[in-house]
Each structure stands twice: as C-alpha cells, then as structure tokens.
Amino acid sequence: MQALPGFRDFLPDDCAARNYIFTQWRNVSRRYGFAEYDGPLLEELDLFVRKSGAEIVKQLYDFTDKGGRAVALRPEMTPTLARMVAASHRDFRKPIKWFSIPQMFRYERPQKGRLREHYQYNCDIIGEASPDADVELIAVCIDILRAFGLTADDVVVRISDREFWADFLRAQNVAEDRWQQVLEVIDKSEREAREKTAERLGDLAEAVFRILEEGGRSEKLDRIVDGLRQRGLADFVKVDLRIVRGLAYYTGVVFEAFDRAGKLRAIAGGGRYDNLIHQLSAGSASLPALGFAMGDVVLGELIRENAAASAKMKATMARDQQLDVYVVIAKEERRGHAVAQVQELRDRGYRVDYPLTEAKVGKQFQTAEHLNAEVAVLYGDEWPQVKVKRLATRDEQLVPHEELLARLVASSTLSSRAERSGVEGSRGSSER
Ligand code: HAM
C-alpha cells in the first residue's frame, strides 16, 4: 500500500525540512507582529463554492458527512479566515494581523510543484485600507524569501492591480458579469498560445495585448514600489499587469512571487479582497482586507535547486538534528548510574541518547557517530571516573563522574545549546 497520488509521507528528514520552512515562516511573521491562528480542516462545502472561484471549486475534496451535511476539505484558508473574522472581529483591535500554516487539499493533477495536499503559509491584514498595508504585506513575502537565503537575483514579486483592469473594462463598456471571465483569460495568457488568448478575448484582444506588451500606468502601484524602495526591497518587485490572480474575491492590488529563472510555478500569491468579509457577514462587518499565501511545495523545490538556500537549510537541519551527548554503557553494572546521568542531562535541556539494551562498545560508538553526537560519555572500568570523548576531534579525557555535568556545561558549544533549548535545570542551576 502506498500513499495516495499527490499525498506525501514525511519521513524524519522530510519532517525536518518541513519544520525548517515552518520556522522561517513563523520567525518572519513574528518579526512583523503577526499572531498565529488556525481554523477547521473541514468546512461547509458552500463556503468554498460561493467564495473560492470556479477553478478551486472543480478541485474540491467534498463529501456528505454522516449527519447529511455537504462538507469539503479546505482548499484554501481565505474563506475560513473571512468567516472567522466576520464573526469575531469586534473582539480584536484593528488592523488584525494574523498568520496560519494550514494543510490544504486540492484535487489537481499531481505534477512538479502541484500536489493534492500542501502546507500553505497564509498571512493577512484585516481592517486597513491604506496602500501602506499592501507595502507591509509584500515586504513580509519578500522577507520570508530572504530568510531562506534567496536574493533579488533568485526571486521576483510581480505586482498588479485589479482596479486597473476594472477601469479598463468599464471604459470598454464590458458588462460586469463578463469581467471575471476576461480576468481569467488574462491570468492564463502567459501559459497559453497567443491565438487562443486572442480568440477568448474577442473584440478586447487588441487593447488587452497592447497593455500587456506596453504596460499601463498605475499611481497606486508606483506608490507601493516606492514604499518597498524605502525599505531597500525594490529590487525584488516588478509591476506586471499580466498578474490578475485566478481567485474571484480579489478587488485591488494583487501579486505573485516567482523564481527569476521562470522554471517553477508561482511560489506565493495574494492581494486585496476588500468585499469578502462584508459578503460573508451579510453586510454586518465591512472590513478591507488583504493577504497572501505561500505553499511549501514550490518553495521546497526552489530551495533545493538554489545552492545558497539549500546549504542554509542543510546546515540548519544538521544543527537541529544533532545530538549533544551519547552515553556509552561499557559495563552493564554501570547502567543505573548512566541512566541517572542521562536523566540529569536531559533535565538540563541537553539532547541525550543511550542504548536501551546491552550492546558491544564499538557498536555503541557507531550509533553515537550516526546520531551525530558531539560528545560520547563512556561508563566502564574507569568508574567512578567516566571517559568523555569529543567525536569530531577524537579527543578523550577521564573525568570524575560527579564533575561531568560541570565539565559539559563549561564546554562552550554544549552550554549554549542547552541554554537555547530554554530548559531550566530542575535541581538548581549553579553549574550553568
Ligand atoms: P493560491 O494562489 O491559490 O492562493 O495559492 C497560494 C500558493 O499555494 C501558490 O502560489 C502555491 O505555492 C501553493 N499551492 C496552491 N495550490 C497548490 C497545490 N495543488 N500544490 C502545491 N502548492 C500549491 C490562495 O490560496 C489564496 N487563498 C491566498 C490568499 C491569502 N489570498 C489572500 N490571503
């Protein structure tokens, strides 16, 4: 039996890579003052049917539950967030700045960059209409990419404005009920043959192509780029009116992040959705809103393909997975003392492992190497002294067992590791 197509098993190394991504997402969010939230994995089908737009609705995992309700696994977070905010916004100071790392489910054709489940960092600002909020949000997106070691040579955020297209369609006397269809054609125009796009745009084709090729003016977008320039982030952005986003609820500035080489699908995407909360609250809450989401799949591919970013990830993962101490039990009659020491070290926040059953000393050292332990401590014939061996240098010392803790604490790498873990010694901290 295998995992279903488009679903992943996360073996420990995959989990470590996932945690690395989650940690950067969380760290940057907190630097910007965002608070973490979550919602239910399963929602009423109707929430997505009404709010997500045709493309996502086709991809829903939906079924009827045992209570006869039509439900769906979440394909995106924005409708859930809007529902939560519509119900509870009075309890929160505005602007609401929230982030989340939900797992999403979309029945897509599995391919490079697209699976049937993915983790998706979501970051949203609710209750702020100023373009400064758009600047702040795009800056979060860029700073997250920077946190992975990616530069303006590796990634670009293409920004656009749906209002620009709304003004255009109004000027062309296009009926409002056709707007969404035109926007979807523009959204796909980059990936589709020009003739096909022209055919679907009909009488609008010439005017649309002129804008796509020559660009158009937007004071709002100029202001946003200026805001990012003030922060030294302008190299990461490009105004590009081809970006309109596939989802129906966007109303204003929209953006998508891509790898510069153009080899991968979008890394992230988002924008303003100023009417969604109003619609979901049946008019009782009217709050401008904006946000974006970044999936772990394309981002993971980009990190693996980028030398600096993958080196950074591997170094962090190796550090996070490293064991501090492996206790080698050479004489079974020392097991009681050894285990007491293991407990004491773990209480102090060290990462410690030891053999659960009797094993040859050579095999225990191999395990210590395999677990990338910094130090092995051997309990054997030397008792009441123990042998402390630094595995990297092979340097060995005999230490009276009652001094072991103080010696390890005095060792700079090990003491800083325990401090970082934030665990206070439960039996006093005089040695630290
Ligand atoms: P989205 O563009 O549909 O936006 O998805 C955002 C990101 O999620 C994509 O750029 C991509 O990295 C990732 N993603 C989407 N589908 C898949 C898939 N099948 N497999 C792997 N990765 C995928 C939204 O979902 C909006 N709700 C974002 C948003 C938040 N807008 C405002 N706030």
Side-chain angles (χ1 to χ4, degrees), residues 4-8 18 21 25 29 34 37 39 43 47-48 51-61 73-85 96-126 128 133-134 136-138 140-141 144-145 148 155-160 162 184 187-188 243-259 264-277 280 287-303:
L4 287 167
F7 284 78
R8 294 169 288 180
R18 185 176 79 181
I21 289 177
W25 282 344
S29 306
F34 283 78
Y37 72 99
E43 287 272 17
L47 178 68
F48 303 116
K51 297 301 162 210
S52 284
E55 180 102 12
I56 284 192
V57 171
K58 277 189 272 169
Q59 301 165 339
L60 282 173
Y61 274 90
L73 291 177
R74 57 190 176 193
E76 61 155 339
M77 197 64 175
T78 313
T80 296
L81 172 66
R83 178 182 63 67
M84 287 166 67
V85 169
I96 291 171
K97 292 170 68 182
W98 286 358
F99 78 96
S100 188
I101 308 182
Q103 193 175 18
M104 300 304 181
F105 303 88
R106 298 184 189 182
Y107 196 85
E108 299 207 47
R109 188 169 62 77
Q111 55 191 296
K112 190 168 159 72
R114 279 291 173 275
L115 298 174
R116 289 182 175 163
E117 56 73 23
H118 67 284
Y119 287 91
Q120 196 195 60
Y121 168 77
N122 274 253
C123 177
D124 293 81
I125 302 176
I126 289 152
E128 183 54 70
D134 300 69
E136 179 83 347
L137 188 78
I138 296 168
V140 176
C141 181
I144 284 182
L145 296 169
F148 289 106
V155 286
V156 59
V157 178
R158 295 158 66 191
I159 62 172
S160 174
R162 276 207 179 183
E184 279 167 20
D187 180 51
K188 290 210 167 71
I243 302 295
V244 289
R245 306 275 297 134
L247 293 156
Y249 46 67
Y250 292 112
T251 52
V253 171
V254 285
F255 61 94
E256 281 182 344
F258 288 90
D259 62 308
L264 307 174
R265 310 192 50 147
I267 309 162
R272 268 209 178 263
Y273 51 100
D274 284 344
N275 300 333
L276 188 63
I277 295 169
L280 271 173
L287 288 166
L290 63 160
F292 76 95
M294 183 183 292
D296 67 328
V297 180
V298 182
L299 177 67
E301 285 169 1
L302 181 60
I303 292 172

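Start at 1 and go down the list; that is how both ligands and their atoms are numbered.
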Are the side chain of Asp274 and the backbone of Ala289 linked by a donor-acceptor contact shorter than 3.5 Å? yes
In this structure, atom 14 (N) of ligand 1 is nearest to the protein heavy atom His118 NE2, 3.3 Å
If you take the nearest heavy atom of each of Met104, Arg74, Arg272, Arg106, which one is closest to atom 16 (N) of ligand 1? Arg106
If you have a sec, work out which protein heavy atom is nearest atom 1 (P) of ligand 1 and how many Å separate them, to one decimal? Arg245 NH2, 3.6 Å
Would you say the side-chain atoms of Arg162 and Tyr250 include a donor-acceptor pair closer than 3.5 Å? no
At less than 4.0 angstrom from any non-hydrogen atom of Phe292, what atoms of ligand 1 do you find? 29 (C), 30 (C), 32 (C), 33 (N)
Checking heavy atoms under 4.0 Å, the part of Asn122 that sits near ligand 1 is side chain
Taking atom CZ of Phe7 as the centre, report whether more than 12 heavy atoms of other residues, nucleotides or ligands fall under 6.0 Å from it. yes
With sequence neighbours left out, what residues match Ala248 under side-chain contact (heavy atoms from CB on, under 4.5 Å)? Gln180
In terms of the angle between their ring planes, are Phe255 and Phe292 parallel, tilted or perpendicular, with boundaries placed at 30° and 60°? tilted
Pick one of side chain, backbone, both or neither for how Leu247 approaches ligand 1, counting any non-hydrogen atom pair under 4.0 Å. side chain
Under the side-chain hydrogen bond (donor to acceptor under 3.5 Å, both in side chains) test, residues paired with Asp259 that sit two or more places apart: none
Atom 21 (C) of ligand 1 sits nearest the protein heavy atom Gly113 O, 3.4 Å
Which residue owns the protein heavy atom closest to atom 18 (C) of ligand 1, what's the atom, and how far is it? Arg114 CD, 3.3 Å
Nearest heavy atom to atom 10 (O) of ligand 1 wins, so pick from Ala266, Ser100, Gly271. Ala266
Basic-acidic side-chain contact under 4.0 Å: Lys51, Glu43: no
At what distance is the nearest protein heavy atom to atom 19 (N) of ligand 1, and which residue and atom is it? Glu108 OE2, 2.7 Å
Test of understanding: given a 4.0 Å heavy-atom threshold, classify the contact between Glu256 and ligand 1 as side chain, backbone, both, or neither. neither
